[in-house]
Amino acid sequence: MRQSAEMQLKPAAAKKIKSGYPLILKDAVTGTAAPPQEGAVLRLTDESGGYIATGYYGIQNKGIGWVLSRKESEKIDSRFFAGKFRQARAKRTAFDASADTTAFRLFNGEGDGIGGLTVDFYAGFCMVSWYSEGIYSFREAVYEALAEVAEPRGIYEKLRFNTDGQYVEQDDYVSGERGEFPLLVQENGMNFAVDLNDGAMTGIFLDQRNVRKALRDDYASGKSVLNTFSYTGAFSVAALLGGATRTTSVDLAKRSLPKTIEQFAVNGIDFEAQDIKVMDVFDYFGYAARHGLKFDVVVLDPPSFARTKKKTFSTSKDYPKLLKDTLKITSDDGLIIASTNNASFSMKKFKSFIHKAFTETETRYKITEEHQLPEDFVFPERYPEFNYLKVVFIRVMK
Ligand code: SAH
């Protein structure tokens, strides 16, 4: 039986949630009462016991749960989830109708009214990510609703909880048709091979769609491109389809080599004419500097936090240094595409890192464009902290 619990919020948290904030932060409650069970339906109240909202309990990095409804009589059942999925679909009709983009985010957690749950659409298949045990306890009702509203060919899932951020190897198949992987999806006419049943990631990060398009359409023609932290080489593909003369893709993970070759192959690109390096980006910077290599365009898309044998890297501390290293191997009028998905700092702060790196190296620069989450990654409008992606195109003026 699912637990129902009353949760009395501290005044500041009550005020914030009343005004529309969807996340129940760890410090929203005094913490004297025994915590509810994961998945408990919460009646959130103010100090005098007045109803504010209905939520669920689910521990997930900085929160202990999410608001689900602001109607006291609303039940959290498959009808509720179906309603949310329908609203989410209605916001994305442009993607349904698109012939040249077949992969997009169908449901984006708190932005679509259910924190802790995302659904990505890949050529007819749904990939559901669960971010807490609490939300996962609604699995049956959610899948019933998803099947009804999205009518997918098949459903796959990723469990992203109870694992210290580590992915637990498992069969991610849920129901419907089993996909044949790699599955080919299109994005603005580019092909990408994805695998919904091969570890934590699928082969492509859908939130970078507009950045790939901008690189292909406006920046790549006739340029040499260095793609760092390249994963499956999606930015290299975009650059080559935009007329780049040559790409170099650098990633530490061994799987990046066959995966990058695969992305090139499905786009008719001869991989042998490209450089794919399986190595630490920081070692590559040294190598490139020693060999006097310069690139017209450099893509920087590091993980928020990375630990290698030699060192740790954190975007919130080390981004200026990363940019300074990059500048040494960027052409005089080159372009740096600096990206981060670290949710702990704002676009303004990110730009201050950029400013610091360029002023400390006495290099002039001009920002030519900026990107944050694309239209299908809906976020709560009044709370830009949920718009975690920050990408800045920086023209170097040496
Ligand atoms: N830019 C990619 C996504 C990057 S994901 C894209 O758009 O698809 C982050 C990648 O960084 C992972 O593939 C990981 O293997 C790699 N990585 C982490 N630390 C690294 C390091 N020190 N050197 C090289 N690659 C690293």
Side-chain angles (χ1 to χ4, degrees), residues 103 105 120 122 158 160 165-167 182 185 187-188 190-195 198-216 219-220 225-242 247-264 266-267 275-288 297-319 321-323 325-326 329 336-343 371-374 377 388-393:
R105 179 149 292 190
D120 293 321
Y122 289 98
K158 306 275 179 220
R160 302 181 175 277
Q166 293 303 303
Y167 176 79
V185 298
E187 182 191 274
N188 293 311
M190 297 178 253
N191 293 324
F192 289 106
V194 299
D195 192 330
D198 181 27
M201 301 185 287
T202 62
I204 184 168
F205 286 97
L206 299 177
D207 55 3
Q208 297 278 16
R209 178 189 312 112
N210 294 341
V211 181
R212 283 187 284 269
K213 184 171 191 301
L215 171 61
R216 179 192 66 183
Y219 295 93
V225 177
L226 172 64
N227 181 8
T228 65
F229 308 96
S230 56
Y231 182 40
T232 67
F235 283 121
S236 307
V237 167
L240 288 162
L241 296 180
T247 61
T248 303
S249 307
V250 185
D251 197 291
L252 194 60
K254 286 200 184 67
R255 57 155 200 257
S256 69
L257 176 65
K259 291 281 184 189
T260 303
I261 291 174
E262 181 175 64
Q263 298 298 26
F264 284 161
V266 298
N267 285 286
D275 262 341
I276 307 171
K277 305 253 185 227
V278 176
M279 69 190 282
D280 190 318
V281 164
F282 301 98
D283 293 338
Y284 184 78
F285 283 138
Y287 166 89
V297 177
V298 182
V299 180
L300 292 178
D301 185 24
S304 291
F305 192 81
R307 182 177 287 126
T308 60
K309 271 170 240 144
K310 280 175 269 175
K311 54 177 162 295
T312 59
F313 171 86
S314 130
T315 39
S316 57
K317 283 211 258 6
D318 303 322
Y319 219 110
K321 165 87 166 62
L322 179 63
L323 283 164
D325 287 344
T326 304
I329 57 167
I336 298 173
I337 301 179
S339 173
T340 179
N341 61 4
N342 190 331
H371 292 265
Q372 291 210 253
L373 287 176
F377 283 67
Y388 58 83
L389 183 68
K390 296 165 277 289
V391 187
V392 180
F393 286 50

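Since the model is a prediction, treat every value here as computed from it, not as a measurement. One-based numbering, in listed order, for ligands and for the atoms of each.
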Q: Does ligand 1 have an atom under 4.0 Å from some heavy atom of Ser256?
A: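 No, that is not the case, since the closest heavy atom of the residue is not under 4.0 Å from the ligand.
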Q: Just jot down the ligand 1 atoms closer than 4.0 angstrom to any heavy atom of Asp280, in number order.
A: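 In order of number, 21 (C), 22 (N), 23 (N).
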Q: At under 4.0 Å between heavy atoms, is it the side chain or the backbone of Phe229 that contacts ligand 1, or both, or neither?
A: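 Looking at Phe229 and ligand 1, atoms from backbone and side chain both fall under 4.0 Å.
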Q: Quick one: which ligand 1 atoms are inside 4.0 Å of a heavy atom on Arg255?
A: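 So the answer, numbered in order with elements, is 13 (O), 15 (O).
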Q: Taking 4.0 Å as the limit for heavy-atom contacts, which would you say applies to Phe313 with ligand 1: side chain only, backbone only, both, or neither?
A: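 For Phe313, no heavy atom sits under 4.0 Å from ligand 1.
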Q: When you compare the side chain of Met201 with that of Arg255, does any pair of heavy atoms fall below 4.5 Å?
A: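 Result yes, sub-4.5 Å side-chain heavy-atom pair found.
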Q: Quick one: does Phe235 get an N or O within less than 3.5 Å of an N or O on ligand 1?
A: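 N/O-N/O distance under 3.5 Å: no.
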Q: Do Pro302 and Thr340 come close enough that some side-chain heavy atom pair is under 4.5 Å?
A: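 Not in contact.
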Q: Looking at atom 25 (N) of ligand 1, what's its closest protein heavy atom, distance included?
A: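 Looking only at protein heavy atoms, the one closest to atom 25 (N) of ligand 1 is Leu252 N, 3.1 Å.
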Q: Assess the residue pair Asn342 and Tyr319 against the criterion (side chain to side chain contact (heavy atoms under 4.5 Å, CB included)); give the C-alpha distance rounded to whole Å, side-chain angles, the decisive distance to 0.1 Å, and a yes or no.
A: CA-CA 11 Å; Asn342 190 331; Tyr319 219 110; over 6 Å; no
Q: How far is atom 23 (N) of ligand 1 from its nearest protein heavy atom, and which residue and atom is that?
A: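 Answer for atom 23 (N) of ligand 1: Val281 N, 2.9 Å.
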Q: So, taking the atom named CE in Met190 and the one named CD in Gln263, what distance separates them when rounded to the nearest 0.5 Å?
A: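 So the CE of Met190 and the CD of Gln263 are separated by 11.5 Å.
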Q: Side chains of Tyr231 and Asp301: any donor to acceptor distance under 3.5 Å?
A: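 Looking only at side-chain atoms, Tyr231 and Asp301 do not form any donor-acceptor pair under 3.5 Å.
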Q: Check this for me: Lys311, atom NZ, are more than 12 non-hydrogen atoms of other residues, nucleotides or ligands nearer than 6.0 Å?
A: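 Yes.
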Q: Would you compute the distance between atom CG of Leu300 and atom OG1 of Thr326 and round it to the nearest 0.5 angstrom?
A: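 Result: 4.0 Å between the selected atoms.
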Q: With no hydrogens and no angle check, just 3.5 Å: does a side-chain donor-acceptor pair link Ser236 and Ser249?
A: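 Their side chains do contain a donor-acceptor pair, which is all the 3.5 Å distance test asks for.
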Q: Closest non-hydrogen protein atom to atom 5 (S) of ligand 1, residue and atom name please, with distance?
A: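 Minimum-distance protein heavy atom for atom 5 (S) of ligand 1 reads Phe205 CE1, 3.9 Å.
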Q: Is the closest side-chain donor-acceptor distance between Tyr122 and Thr202 under 3.5 Å?
A: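 Note: Tyr122 and Thr202 side chains meet the donor-acceptor criterion.
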Q: Closer than 4.0 Å to some heavy atom of Met279 - which atoms of ligand 1 meet that?
A: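 Selected atoms, number and element: 23 (N), 24 (C).
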Q: Would you call the rings of Phe282 and Phe285 parallel, tilted or perpendicular if under 30° counts as parallel and over 60° as perpendicular?
A: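 Rings of Phe282 and Phe285: perpendicular, as their planes differ by over 60°.
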Q: Looking at atom 8 (O) of ligand 1, what's its closest protein heavy atom, distance included?
A: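 It is Tyr231 CD2, 3.5 Å.
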Q: Just need the protein heavy atom nearest to atom 15 (O) of ligand 1, so name the residue and atom and give the distance.
A: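 Heavy-atom neighbour on the protein nearest atom 15 (O) of ligand 1: Asp251 OD1, 2.7 Å.
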Q: Considering only protein heavy atoms, which is closest to atom 18 (C) of ligand 1, and at what distance to one decimal place?
A: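 Ranked first by proximity to atom 18 (C) of ligand 1 is Pro303 CG, 3.6 Å.
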Q: Report yes if Ala306 has an N/O atom closer than 3.5 Å to an N/O atom of ligand 1; otherwise report no.
A: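 No; every N/O pair is 3.5 Å or more apart.
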Q: Give yes or no for whether the N/O distance cutoff of 3.5 Å, strictly under, is met between Asp301 and ligand 1.
A: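 Yes; at least one N/O pair falls below 3.5 Å.
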